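Contents: one structure, followed by commentary.
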Amino acid sequence: MEIIARDLRANIVGRKILSVQTDWPKYFRLPKSSAAFGACAAGKGITAIDRRGKNILIHLTAGYLLLIHQKISGRLLVGNWRRVSPPDGGEGGPRWQPVPPSRGRFVHLVFDLDDGRQLGLSDLRKFGKALCAKEAVILNLPEMRNLGPEPLDPRFRFSCFQRLFTGRKGRIKQMLMNPNFIAGIGNIYSDEVLYAAGIHPLTPLTHLGETELRTLYDAMKRVLRKAIRLGGTGVESPNASGAETGYDRVRTVYQRAVCPRGHAIERLKIGGRSAHFCPAEKHLF
DNA sequence: ACAATATCCTGCGAGC
DNA sequence: TGCTCGCAGGATATTG
């Protein structure tokens with residue numbers, strides 16, 4: 001998500017949103033009607049872009065904020081899509097075809113920009129969401145207000161990390177993935193961080209002493225920094241020739257058959273999500 | 001009060 | 001070949 005935010009920042013800050021189109025109005029959570037949402041975003045300039053957890057925050061003129069969450073299958077792209085009619089009229093509403101056709105299948109939400117390009121949300125599963133309101137309104141919504149600290153925030157020191165654990169119970173894997181605990185760590189990076197720290201995903205929080213917490217904290221910062229340095233996970237990969245790119249090249253356990261040392265990766269379901277780990281690593285449980 | 005589970009969707013690959 | 005099943009990068013609501 002950090003990679004996406006940086007890409008958008010370099011590409012669309014200074015542009016103006018002319019209009020908004022969708023074939024899936026359920027994206028609009030605030031305001032909920034397509035007309036009201038369009039009216040909120042249209043005519044406003046894009047002044048800045050940042051990120052909080054996995055939320056992309058697009059700052060608009062007049063003190064407005066556009067929040068887009070890509071959820072599982074979403075991908076924000078800048079490009080061009082042309083509107084095409086559905087195959088037999090009627091059913092399904094408008095569709096967009098990417099230009100060039102190689103990028104951005106599954107675009108369901110389009111922001112027309114004043115330079116002829118568009119910001120499009122490609123989102124196969126349509127779990128994404130979009131909100132537009134005064135900045136203070138957005139930032140006061142529970143999903144923003146309850147967000148945990150940013151893992152790479154320099155102010156998020158070890159003492160802060162350690163404090164998050166006091167009086168809490170549960171499994172470490174679920175804790176790392178809980179956005180209200182720490183923002184922005186999902187299924188992939190929680191597995192990668194735990195492997196890097198040599199900690200089993202099922203380890204109860206109460207089993208983690210200061211030494212393990214220090215190891216976990218360092219692994220978290222290291223893995224996330226490296227992922228950003230390499231351009232993120234799954235963003236543009238695999239490339240045209242089928243080779244993995246970015247962090248995917250160095251992923252150790254997530255959807256791997258073997259770990260870097262050649263041991264078979266094991267999988268189990270934790271809280272409805274798949275956890276990948278190497279049973280040969282030293283680990284607590 | 002807490003922790004599993006269901007839910008929102010669609011496409012894809014595996015197995016029969 | 002064509003069907004059904006399980007699974008997928010998130011987060012919240014609901015259930016037990």
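In what follows, every chain begins at residue 1, and chains take the letters A, B, ... in the order their sequences are listed. Here the structure is a predicted model, which means the values were calculated and not measured.
- Shown here are the side chain to side chain donor-acceptor pair (under 3.5 Å) partners of A/Gln21, two or more places apart in sequence or in another chain: A/Arg83, A/Asp112.
- Judged as a side-chain contact (heavy atoms from CB on, under 4.5 Å), and not counting sequence neighbours, the contacts of A/Ile3 are A/Ile228.
- Proximity note for A/Gln174 (side chain, C-beta onward) versus B/dG11, B/dA4, C/dG9: the nearest is B/dA4.
- Residue A/Arg267 is in sugar-phosphate contact alone, with no base atom involved, counting any heavy-atom pair closer than 4.0 Å across all strands shown.
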Query raised in the report: A/Tyr247 and A/Val223: side chain to side chain contact (heavy atoms under 4.5 Å, CB included), yes or no, with the steps?
Result: CA-CA 10 Å; A/Tyr247 190 80; A/Val223 167; 3.5 Å; yes
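- Consecutive Watson-Crick or G-U pairs involving DNA chain B, each under 3.5 Å on both distances, make up stems of three or more pairs at B:2-8 with C:10-16, B:10-16 with C:2-8.
- Looking at heavy-atom distances under 4.0 Å, A/Ser274 makes contact with sugar-phosphate atoms alone, never a base.
- Across all strands, A/Gln255 comes closer than 4.0 Å only to sugar-phosphate atoms, never to a base (heavy-atom distances).
- Among the atoms of the strands shown, none is found under 4.0 Å from any heavy atom of A/Tyr189.
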Report task. Let me have a per-nucleotide readout for nucleotides 11-16 of chain C, 5' to 3', with B, S or -, counting only protein heavy atoms under 4.0 Å. Result -> SS----
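- Listed by chain and residue number, A/Ala197 satisfy the side-chain contact (heavy atoms from CB on, under 4.5 Å) test with A/Thr215 (two or more places apart in sequence, or in another chain).
- Shown here are the side chain to side chain donor-acceptor pair (under 3.5 Å) partners of A/Arg155, two or more places apart in sequence or in another chain: A/Asp153.
- A/Lys126 has its NZ atom 14 Å from the P atom of B/dC8, to the nearest Å.
- Residues A/Asp123 and A/Ser73 bring a donor and an acceptor atom of their side chains to less than 3.5 Å of each other.
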